[in-house]
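Values below: all heavy atoms of this structure, side chains included; hydrogens, waters and symmetry mates excluded.
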Amino acid sequence: MVELTQFFQDYLQKKPLFKSKVVLQSNYTPEYIPHREEQIQTMAGILAPVLRMEKPSNLFVYGKVGTGKTVVTKYVMSQIENVAKERRLPIKIIYLNCKLKRVADTEYRMLAHLAKEFGIDIPPTGLPTDEVYKTFLKYINTKKQLLIIILDEIDQLVKKSGDELLYNLTRINSELNNVELSIIGISNDLLFMENIDPRVKSSLSEEELVFPPYNAVQIQDILRERSRFAFDSEIIREGVIEKCAAYAAREHGDARRALELLRVAGEMAERKNKYSIELEDIDDAEEKIERDKVLDLVHTQPKQFQLTLLSILDISQNVTEGPIFTGDIYEIYKSYCKSVALKPLTQRRVSDIIAELDMCGIINARVISKGRYGRTREIRLGIPESTVHSIRGALKEGLSL
DNA sequence: CGAGATTCATGTGAAGTATACCTTTAGGCTTAA
DNA sequence: AAGCCTAAAGGTATACTTCACATGAATCTCGTA
């Protein structure tokens, strides 16, 4: 006990490594966003009419992960909100991430979530979807106002629930007389609009904005800018920023990843009682991020998903080489179900689950034909070999195996 | 030898089922006039 | 008679199952050169 007290004492005595950790977190909206002046300007231009209480065009934002779509959008929105508040303009902006499982991944849930923003409670199930529409519309139509709805990662939603809901959304305006509603769709998938009903397409993307990936130098700028607020200057060793940027640029210029790398590297260093961030901390950070990402994702998934993943991990450890096939997974999965006393799902369902795991990026699955020997998914792990073991361990523990 | 038929192991779509939850409604009970 | 509560009826969303059919290249079959 005494030792622990001492430990905490020491901890507090120690000069903290971080000056401010928030600025490195992914939900932080910085004041200054390097290399996105153009996009900010354009977006501001498109949305400026709201301040005159005119409905701005619907906007569609494209760009790969970590190119600043969300940050820029949120930034512009907060600016608009500020002005609106100052002038007491009845403008309401709602941000909604459609990817979050069990939050907004169906039309119904998206609406329910939207409604919740207005303080309307919609039950998790039971109501007809168009009834929810009516309730929602009726409520927002009671007051004259301008509404901007931001649908982040909208491609995920449409992939799951079809593009009908987009059509419904675009039609909302004609049902309302007090309210003008604009939609900002954000998509990681550059080809997203290709397979969409042309009617919807034209009305939903009246304006489009493309975010190109950052290059390594730009990411360095971003990192420097943020670390200025996050750390004292002497903490970051030579080459650290460069290395973070290089790691992140390796894929396609994912700034979010770069920032996360830097933050976690800081945390690693802090835990090692160091007062500086060195190159090796970045490598540790990379591994930890990968592991945490999967773990976090996995823990929030239903047991069945966990079991399926565990089965995949199992095989990949035993069968070091070569791809994994659905049938093998299903066999192992079933045996695990037995030992956890859980009713196994059908192979049909497990097949879908595997497809979903693929969507999450934990695994890479693709359908191949093995000719005479049938047809199956060829599955490879999408996570580094080094983390497999610890993930597997954590999974087993979580399932009390 | 090569074109077409077969075959395997599973993908995939549609339709059905179970469950959990919703609103509506009708009946019964209580209460107050 | 009005008001309130309850339980049944009728409806929906979601996760899952069942059924049936689709796939597509390795392999087989068999007619032909």
Worksheet entry | Heavy-atom side-chain proximity of A:Ser351 to A:Arg377 below 4.5 angstrom | yes

Worksheet item: Do side-chain atoms of A:His113 reach the backbone of A:Asn97 as a donor and acceptor pair under 3.5 angstrom?
Response: no

Practice prompt. Can you tell me the distance, in whole Å, between the CD atom of A:Glu356 and the C1' atom of C:dC16?
Written response: 12 Å

Worksheet, complete the sentence: Protein-proximity profile, nucleotides 7-15 of chain B, B/S/- by nucleotide at the 4.0 Å heavy-atom cutoff, equals BBBSSBB--

Worksheet entry | Value in whole Å for how far the P atom of C:dA25 lies from CD of A:Glu378 | 14 Å

Discussion item. Please report the distance, rounded to the nearest Å, between NZ in A:Lys303 and P in C:dA15.
Written reply: 17 Å

Fill in: Atom pair distance, as rounded to whole Å: CD in A:Gln301 and C1' in C:dA15
14 Å

Item to complete: Grab the CZ-P distance between A:Arg349 and C:dC19 for me, whole Å please.
Response: 18 Å

Worksheet entry | Annotated protein contacts, base or backbone, on nucleotides 17-23 of chain B with a non-hydrogen cut-off under 4.0 Å, one of B, S, - each | ---BBSS

Fill in: Working for side chain to side chain contact (heavy atoms under 4.5 Å, CB included), residues A:Ile122 and A:Leu111
CA-CA 9 Å; A:Ile122 303 283; A:Leu111 272 175; over 6 Å; no

Fill in: Positive for side-chain hydrogen bond (donor to acceptor under 3.5 Å, both in side chains) with A:Tyr133, one of A:Lys138, A:Glu107, A:Arg171
A:Glu107

Worksheet entry | Side-chain touch A:Val72/A:Leu209, heavy atoms, less than 4.5 angstrom | no

Worksheet item: Taking the six-membered ring for Trp, is the centroid-to-centroid distance between A:Tyr62 and A:Phe211 below 6.0 Å?
Response: no

Worksheet item: In terms of side-chain geometry, is the basic nitrogen of A:Arg224 or A:Glu242 positioned less than 4.0 Å from the acidic oxygen of its partner?
Response: yes

Item to complete: Check whether any side-chain heavy atom of A:Met77 lies under 4.5 Å from a side-chain heavy atom of A:Tyr95, and answer yes or no.
Response: no

Item to complete: Please report, rounded to the nearest Å, how far the P atom of C:dT23 is from the CD1 atom of A:Ile368.
Response: 18 Å

